[in-house]
A.B. asks: 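The structure that follows is given in the form of structure tokens.
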Amino acid sequence: MEGEIRLEELCKKFEDVVAVDGIDVDMPPGEFFTLLGPSGCGKTTTLRMIAGFERPTSGRILLDGNDVARVPPHQRNVNTVFQSYALFPHLDVAKNVAFGLKYHKLSKEERATRVRDALEMVDMAEFAGRKADQLSGGQQQRVALARALVLRPRVLLLDEPLGALDAQLRKNLQVELKALQAELGITFIFVTHDQSEALTMSDRIAVMYRGRVEQAASPKEIYEEPDTVFVADFLGVSNLLDATALGQDGAACTVEVGGRKLRAEQGATDARGEVKVMIRPERIVLEPHANQGDDRLPGIVERSVFLGGSYEVHVRVLGGELLRAMVPNDGSAASADLEPGAAVSLRLPPDAVRVLTRSEPDEATDGVEESEAEDVPAQLP
Amino acid sequence: MSRLRNPWGQPRFLALITGGYIVWSVVPVLIAIAFAFNNGRSRTTWQGFSTRWFTGETGSVLHDPALRDALGHTLLLAVICVAVATPLGVALALGLQRWRGRGSGSVNSLMLLPLVTPEIVMGVALLLLFLQVFSGIGLGTDAQAIGQITFTLSYVVVIVRGRLVSIGPEFEEAAADLGAPRRDQFFRVLLPLLAPAIVASAAVAFAVSIDDFVVTQYLSSDASTTTVSMLLYSSARGAPTPALNAIATVNLLITLLTLAFAYYVYRRFAGRDEAASLATMEV
């Protein structure tokens, strides 16, 4: 199967700024592969190197085994959907889509058929005669997709293609894009800073941070078994607590949090000393204060946010850490326990507690709140 | 009873200043144009309407050899100027835009220098250049054309660069991505996108060339290299007839039409905001 990309020791420096710091990634053929990370993590630069717009400082880009790192973009069998679509404003939709076909040896009829098929595939056939600026954002996005796919690339690169669209359209297009990729079987390499988008669409995600790949795995694995503190923090809402690892007890590691001992069965259970432990809010069980004992932390409710199907309850536990617990709105928790000031007990099941040891995120890149600005290198003069 | 002032209204005295300025600057021009149609020889006393100073048998723009030749020479210089300065300016703008290394910043500011240098300084400098260094070229039409190209080039570069900045690199990247080699990236994508700016800058160069006096005067040689502006200057104190008003009117009309055309093309194809910046640049 065609369309495999391998990045080996890939590096990109812009003067003194290291945008991509020696990454090794395998992107298997036919997969929907996502590069996920906050602004400035190097994901867009990586994509631009695969497209050929940036020349790597060092390292190799293997497309089906051939190093294309020095091949100019117009000779690479990969195509890009740009963040701003970059539809040619002086050409109509059909001519935009036909633009690249000039470089394929095709008869006039074949060319027309390919253009029509591509526009039909994205439901834009009736707009063939329109100019790009007479289309809505979502329509432009579809044309950009058709313009790239009509060339039947081995790999399609997508640089935050949904970034400029409103939430509802975005959701619909996420589903459509994923369906399209599955149908065509082309490798999609998708860049986004939106973790839910990445989780929804991808077969595999590489989480990038400061020019490096923190973890590359399936969405489920990334979410449930993050390797690093950064990945845990960037994907979804997690509770990260400072802890001291005391030693192993069978499969579990005993950790001390604010004077209480907990057992953690996930992650680096063989660690000793200063560590972080992580637990997802939906795995924390809110119990009455009377329930003391193993795997529990007592605390005081600071506030409860009603989210419809659930409550997000912020609990200050003994030792001062603030934990967020997702309490389902199914009557299981007494309403008195959800009031601010209520004394409660949080149960942290050992199989949901994960020990993490490396790569601290700093405050500036707190994943979820990250702005939608482009990657740092793109802003360099 | 004092009336409450309307806080949402336009400040009246600002409107007054604006209106006063427009009258002050436009009325003399309108009077000058009006006397181009005077039926007598006077440029101050109205003696009835006629077009004799434009097309009459004697002393008109059309039939007085001095006036006709001056107009012809002015247009000749303008055409040469546009033909050379436009492609050269586009090439320079492209080069400056791509060149991101050391020194590109200072060259950028240097490109603006001819726009802010007092023209008399430039005129004297060019005169010395043609007398001392390029004496082979000598004064006359060639020197006048080269002199005008020297500073109209800056207008072309500034306008085309402005458009290049707003176009950004992504359309070329998209073209490359779709398989277009460099030549096609330029001819199939960049050039069509730049076209309104190129047309507009050519029109501005044309208008600036027609209006120029100082440099053109310094680099002139004999009567055959007299332009309209030079003619107006030299004969204004001699025995002026309304024919001077007539030729000035023709000159003004050509300039205005050219600029209006530039503004229209730019606005039609490159967007309103940029057209506004173009309109404020040309004085």
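Sequence lines set the chain letters: A, B, ... in the order given, protein chains first and strands last, and positions in each chain run from 1.
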A.B. asks: Rounded to the nearest 0.5 Å, what's the gap from CZ on Arg147(A) to CG on Leu178(B)? Could you check?
C.D. replies: 5.0 Å
A.B. asks: Return the minimal non-hydrogen interatomic distance between Phe171(B) and Pro89(A), and the atom names on each side.
C.D. replies: CE2-CD, 3.6 Å
A.B. asks: Between Tyr103(A) and Ala180(B), what is the shortest heavy-atom contact and its length?
C.D. replies: OH-CB, 3.3 Å
A.B. asks: So does Phe213(B) have more than 12 non-hydrogen atoms from other groups sitting under 6.0 Å from CZ?
C.D. replies: yes
A.B. asks: Just verifying a value: how many Å separate Thr80(A) OG1 and Glu170(B) CD, rounded to the nearest 0.5 Å?
C.D. replies: 11.5 Å
A.B. asks: So do the side chains of Arg48(A) and Glu173(B) get within less than 4.5 Å of each other, counting heavy atoms only?
C.D. replies: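 Yes, close enough: below the 4.5 Å cut-off.
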A.B. asks: Of the backbone (N, CA, C, O) and the side chain (C-beta and beyond), which part of Leu87(A) lies under 4.5 Å from a heavy atom of chain B, both, or neither?
C.D. replies: backbone
A.B. asks: Is it the side chain or the backbone of Ala175(B) that comes within 4.5 Å of chain A heavy atoms, both, or neither?
C.D. replies: both
A.B. asks: Decide, yes or no, whether a salt bridge links Lys102(A) with Asp184(B) under the criterion of side-chain N to carboxylate O below 4.0 Å.
C.D. replies: yes
A.B. asks: State, to 0.1 Å, how close Pro192(B) and His90(A) come at their nearest heavy-atom pair, and which atoms those are.
C.D. replies: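 Between these two residues, the closest heavy atoms are CB-CD2, 3.4 Å.
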A.B. asks: More than 12 foreign heavy atoms under 6.0 Å from NZ of Lys13(A): is that the case here?
C.D. replies: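 Result for NZ/Lys13(A): open.
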A.B. asks: Can you tell which part of Phe53(A) gets under 4.5 Å to a heavy atom of chain B, answering side chain, backbone, both or neither?
C.D. replies: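 Side chain only.
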A.B. asks: Closer than 3.5 angstrom, by distance alone: can the side chain of Asp177(B) be matched with the main-chain N or O of Pro73(A) as a donor-acceptor pair?
C.D. replies: no
A.B. asks: More than 12 non-hydrogen atoms from neighbouring residues, nucleotides or ligands closer than 6.0 Å to CZ on Arg183(B), yes or no?
C.D. replies: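 12 or below, so no.
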A.B. asks: Is the shortest side-chain heavy-atom distance between Arg188(B) and Phe88(A) below 4.5 Å?
C.D. replies: no
A.B. asks: Given the options Ala144(A), Ser84(A), Ala148(A), which has more heavy-atom pairs under 4.5 Å with chain B than any of the others?
C.D. replies: Ser84(A)
